[in-house]
Amino acid sequence: MTFKQEFNYTVLVNNCDANFLKKFATYMIIDEGVFEKLKERLEMFPSRQVVFNEAWYNLLEQEKKQIFALLNLQKIGFINITSNIEDVLYSDYVYVYDNDNLVMEGFIDEVLKNEKKLQELGYGLPFVVELSKKLNYYDVLNKTYYDMKELVDILWN
């Protein structure tokens, strides 16, 4: 895996063990999921890229937005290792693993188009994507949305 600093990444993996984390040995990994501690570590972060290992799992949406604002302010890119398909929406590029095997990779829309493969791996689609696809099917919408606020705004107008 190659990580360019100008992109944010999600590594979707259903079994992240110590062996898998060896792929990220050259990065500082944050696996602290408590908002205040996470924020404190990022305020003095020494690198231009940070790896989160399931650190967003217990964060509220507002807390995630504060973390992203802090990362943007300090020009820090992220690599988020997670098993949560919803977290894919926060990144630019996605790697999907089945245990230790790379199954697919690409920009968000490319990966999420492969719904069947994601389901085989035990993932669905992020809620907003699945909802907008169903609304497309019923001709309520004419494109797939990746942002809930944008989808709600379109539906109310």
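Worth knowing before you read on, the calculation uses all heavy atoms, side chains too, and leaves out hydrogens, waters and symmetry mates.
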*Please identify each residue that fulfils side-chain contact (heavy atoms from CB on, under 4.5 Å) with D139, with sequence neighbours left out.*
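For D139 there are no side-chain contact (heavy atoms from CB on, under 4.5 Å) partners, ignoring immediate neighbours.
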
Identify, with sequence neighbours excluded, every residue that meets side-chain contact (heavy atoms from CB on, under 4.5 Å) alongside M28.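 side-chain contact (heavy atoms from CB on, under 4.5 Å) list for M28, sorted by chain: R41, F45, P46.
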
Next item on the list: Given side chain to side chain contact (heavy atoms under 4.5 Å, CB included), test E54 with D31 step by step and report yes or no.
Entry: CA-CA 6 Å; E54 295 285 0; D31 54 12; over 6 Å; no

Does [X] reach the main-chain N or O of [Y] with its side chain, forming a donor-acceptor pair under 3.5 Å?
| X | Y | value |
| --- | --- | --- |
| R48 | K75 | yes |
| D147 | K149 | yes |
| S132 | Y145 | yes |
| N136 | K143 | yes |
| N84 | E86 | yes |
| D92 | N8 | yes |
| Q119 | K116 | no |
| Q74 | L71 | no |

Side chains of L151 and L131 in contact at under 4.5 Å (non-hydrogen atoms): yes

Q: Answer whether the closest heavy-atom distance between the side chains of V11 and F24 falls below 4.5 Å.
A: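 Result yes, sub-4.5 Å side-chain heavy-atom pair found.
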
Q. Between K133 and E115, is a side chain to side chain contact (heavy atoms under 4.5 Å, CB included) present by the stated rule, with each step listed?
A. CA-CA 11 Å; K133 287 181 82 165; E115 184 177 357; 3.2 Å; yes

Co-membership, hydrophobic cluster, residues V88 and I81, 4.5 Å side-chain =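 No; I81 is not reachable from V88 via cluster members.
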
Salt-bridged, E120 to K117, with N to O below 4.0 Å? yes

Tell me if the aromatic rings of F78 and Y90 count as close, with their centers under 6.0 Å from one another.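 For F78 and Y90, the ring centres are not under 6.0 Å apart.
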
*Can a cation-pi geometry be assigned to K64 and F68, taking NZ or CZ under 6.0 Å from the six-membered ring centre and within 45° of the ring axis?*
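No, a cation-pi geometry is absent between K64 and F68.
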
- Task: Please assess Q66 against F35 for the test side chain to side chain contact (heavy atoms under 4.5 Å, CB included), listing each intermediate value before the final yes or no.
- Result: CA-CA 9 Å; Q66 288 181 37; F35 175 68; 3.0 Å; yes

Between V13 and T82, does a side chain to side chain contact (heavy atoms under 4.5 Å, CB included) hold up when you go through it step by step?
CA-CA 6 Å; V13 60; T82 185; over 6 Å; no

*Can you find a side-chain donor-acceptor pair between D98 and N14 that sits under 3.5 Å?*
yes

>> Classify the ring geometry of Y9 against F7: parallel below 30°, tilted from 30° to 60°, perpendicular beyond 60°.
In response: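 Taking F7 first and then Y9, their aromatic rings stand perpendicular (interplane angle over 60°).
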
